[in-house]
Amino acid sequence: MSIESLLRERFSRAIGLAFGSEFAGDPMVKAGDPKFADYQCNAAMVLSRQLGRPPREVATEILRHVELADVCDPPQVAGPGFINVRISAGWLARRLAELLADSAAKARGGVARVAQSATVVVDYAGPNIAKEMHVGHLRSSILGDAIARSLAFVGHRVVRQNHVGDFGTQFGMLIRHARDLKLDTGEMPQISDLDSYYKQASARDKSDPQFAIEARQAVVALQSGDPEALRLWHWIREESNRHCREIFAQLGITLSEADQRGESFYAGRLSALVQKLSEALPFGGDGPYEGISEVFDPQRKARLDTGTLDSSCAAEVQEAMLEPEAVERVEEASEPQIVTKAFVAESHGAVCVFLPGFVDKDKKPLPLIIRKSDGAYLYATTDLAALYFRIIEEKTTPEQTAPLDQNWHADRIIYTTDARQAQHFAMVFDTIRAAHWDINPVTQLPVLLQHAPFGSILGEDGKPFKTRSGESVKLRDLLHEAVQRAEAVVEKKNPDLPVAARRLVARAVGIGAVKYADLRQDRITDYQFVWDRLLALDGNTGPYLQYAFARICSIFRKAGSLPATNAAIMLDTPQERDLARRILQFSDVVQAVLQDLKPHYLCTYLYELCGSFSAFYEHCPVLRAASAELRNSRLALCDLTAAVLKVGLHELLGMELLEEM
RNA sequence: GCGCUCGUAGCUCAAUUGGAUAGAGCAUCCGCCUUCUAAGCGGACGGUUGUGGGUUCGAUUCCCGCCGAGCGCACCA
């Protein structure tokens, strides 16, 4: 059990004994400022209000009942009613000794598995086909992977999904453009070629209206199984997938072939999805709503009073024009309808879901379009189909169950996409809930649908990170540069390292620096991509953490062996005690990361752990310790620190560790 | 216009979700290598948390009003 949950339990029991169990809900135990205490219980201030007694008196009363003699020195009441707990060195030492003796627990950094394993889908990366991956994919990939790794580590069934954009509108442009290029599809293309085809097609789409129309038609052709379109599609997709795999491998992203399930996978399910949704939701609302017609479902036509709003509007506008206060009258006349309950309707020829709380610029109901007026489907449709697939659909073939070999029936679904899509996901989730498709068919419990949004990557000038020519930075180039810059640093700092080893170190340091820079910051904020800051050797950076690990490895190389698993732990210096406390906080931090889907908590923790280790390293000689017992104890501290770093940095954040650098 | 996110040291960021005297790194300055990797450690300097109110024992955090930034708002993803 972690320190925090132990204290929480003890204080909760004490509060129950002192004032009755109805007050024992949240004992408010937190890690405190080290100046005052390791942990503090702040329940007294809250209870004082409920009980009508002075907070310090309440605190004293709690202390009278709390049993902590085995864990800490007698707790103190301070300030307005804080209860300060300083964990005793003896207790810390015992816990560390237990961890050291249990090799399985040690290998997990002391993090327990969850009691109840859930099926969690993590939807991340999602690059578009035919385009080279660029910085825009970096955060989604890195963040999503860290979250997926962490969930899997604590024992959840994690289904990673790379929702590749391989069947949408952009593909129509490519097909239409390809017709003019007369490409040789017998030969494998290069991703850079595809990328330039894409750019050309996109440019034509913008400038040539006829091209744009034909491109939209090509989407419909593709989505309805036109063989020529499909052949081209396969040709492009194969190379795109190869390119993705290459980038993921370089970045250490755990997405595999089995996790690849793009838009095209859902293509055959879209028309049925629209049908099912229009049955699950009421049709047409209690309107009338401007622009909504009833052609989609003649059966329910009678429920709608279409057109009245349009015509009455027109009449009122005309009338109003004759009057002096024309402007006000017009605004009045177009007073928007408010959607009070989700419904499906056809509007301007498109099938739409209207939801409460979503309006456009003119305060008119904002639709979630699930079928365009030309009959094509778009990403909202695919996202809904994917949710249905992940939560409800019974899976029979291996193609459907992969990467699990069983039904999914997800309990939780997480999307890591940028913050600009927040409204889109809010609408998609609301639609799923309105249709009651968010209920797990096995457990009958609501599925936790989460969008973990993140900010943009900015350049040094604070504007979106672009190349000098204004294009988005290609991931391949960026990673290449990271490794090159790292190699220059390694060469300078450790000139004696053989060239082959230097290459290896440069790769790990360069890629690690890029990943860590992304992960260390609260995902919701934009961050500046500055090479010198990223590859800095001190401060909260990848290299600094990797260095701490390398130092530990160096000690063990010289020591020749690991500490005995029954070594006694001695914590007589402030540095040893501080390091011990930090090591034992690891599992609480992992829990917080999973709670908020914020890996930067873990980064901050690991940085502080390394800080504590460095201070220990300076002040407490390991190999030259005064006695064999002390040497063993300190070796054990090194070993446990290394174990936490290995789990935290490598297994959860997906960074390479180096034994030497 | 409406909505979302944000505003913290000169710079880049934290702050365990309402807790104590708001913490790190960079930059600047001062110390520490005959001892396990100095890619390190110790210390100093640096703040009206954009702003004005409110809520309460207590606010960077919650509420309201301004100021400023970014993003989104019908057939793109």
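Nothing here was measured: the structure is a model prediction, and the numbers come from that model. Here is how names work: the chains are called A, B, and so on, in the same order as the sequence lines, proteins then strands, and each is numbered from 1. Just so it is clear, the values below take in all heavy atoms, side chains as well, and ignore hydrogens, waters and symmetry mates.
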Looking only at side-chain N and O atoms, does A:S614 come under 4.0 Å of OP1 or OP2 in B:rC41? yes
B:rC41 OP1/OP2 closer than 4.0 Å to side-chain N/O of A:Y544: yes
If the P atom of B:rA59 is compared with that of B:rG18, how far apart are they to the nearest Å? 13 Å
For B:rC73, does OP1 or OP2 lie under 4.0 Å from any side-chain N or O of A:Q423? no
Can you name the closest pair of heavy atoms from A:L623 and A:R631 and give their distance? O-NE, 3.4 Å
Between CZ of A:R533 and C1' of B:rA27 the distance, given in whole Å, is 12 Å
Would you mind checking if A:D205 and A:R216 are paired as a salt bridge, meaning a charged N to carboxylate O distance below 4.0 Å? yes
Nearest nucleotide by nearest heavy atom, which residue falls closer to the 5' end of RNA chain B, A:A592 or A:G79? A:A592
Can you find a side chain N or O atom of A:K558 that sits less than 4.0 Å from OP1 or OP2 on B:rU37? yes
Between A:R216 and B:rC76, does any side-chain N or O lie under 4.0 Å from OP1 or OP2? yes
Paired to B:rG25 by Watson-Crick or G-U wobble criteria (both distances under 3.5 Å) is B:rC11
Using a cut-off of strictly less than 4.0 Å, decide whether A:K35 has a side-chain nitrogen or oxygen near OP1 or OP2 of B:rG23. yes
For nucleotides B:rC6 and B:rU51, find the distance between their C1' atoms and express it as a whole number of Å. 15 Å
Rounded to whole Å, please give me the gap between CZ in A:F616 and C1' in B:rG40. 15 Å
Please pick, from B:rC13, B:rG70, B:rU56, the nucleotide with the shortest atom-to-atom distance to any side-chain atom of A:D526. B:rG70
Check the distance between B:rG1's C1' and A:L366's CG and give it to me in whole angstrom. 15 Å
Rounded to whole angstrom, note down the C1' distance from B:rG3 over to B:rC11. 32 Å
Going by an N to O cut-off under 4.0 Å, is there a salt bridge joining A:D578 and A:R581? yes
Checking N1-N3 plus N6-O4 or O6-N4 for Watson-Crick, or N1-O2 and O6-N3 for wobble, each under 3.5 Å, the partner of B:rG70 is B:rC4
Nearest heavy atom decides the nucleotide; on that basis, is A:C610 or A:N128 closer to the 5' end of RNA chain B? A:C610
OP1, OP2 of B:rG18 versus side-chain N and O of A:K30: anything below 4.0 Å? no
What about the rings of A:F454 and A:Y527, do their centers lie closer together than 6.0 Å? no
For B:rU37, does either OP1 or OP2 sit under 4.0 Å from a side-chain N or O belonging to A:R557? no
